[in-house]
Amino acid sequence: MYATQAMTQLVPLAQELDENKVTPGVLGFIVFAVMAGGVWLLMKSMTRHMGRVDFEEAPEPQPQATAGQQRATSGGK
């Protein structure tokens, strides 16, 4: 179906709707509630998984000094 044909068929339907009476309705509420429940379950799962992580940060490796720098810092011996 072409876009122009679709528009000519949908425009009369849109004109019949009263803008003051259009609401999301029960279906909109159900969809929103399901999405909110899914987000809540994902956050709960993430919190549980993050609690299981045993992470100890390793110290940053120190750059190794060259032989010349070691002599200078040790007093030139």
Same apolar cluster: Val39 and Val31, side chain cutoff 4.5 Å | no
Any link between Val26 and Val34 through a network of hydrophobic side chains (Ile, Leu, Val, Met, Phe, Trp, Tyr) touching at under 4.5 Å?
-> yes
Qualifying side-chain hydrogen bond (donor to acceptor under 3.5 Å, both in side chains) pairs with a residue from residues 35-46, counting only residues at least two apart or across chains = Ser45-His49
Residues that, via side-chain heavy atoms closer than 4.5 angstrom, fall in one hydrophobic cluster with Met46 |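 For the cluster that includes Met46, the remaining residues are Met50.
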Please identify each residue that fulfils side chain to side chain contact (heavy atoms under 4.5 Å, CB included) with Thr23, with sequence neighbours left out.
-> none
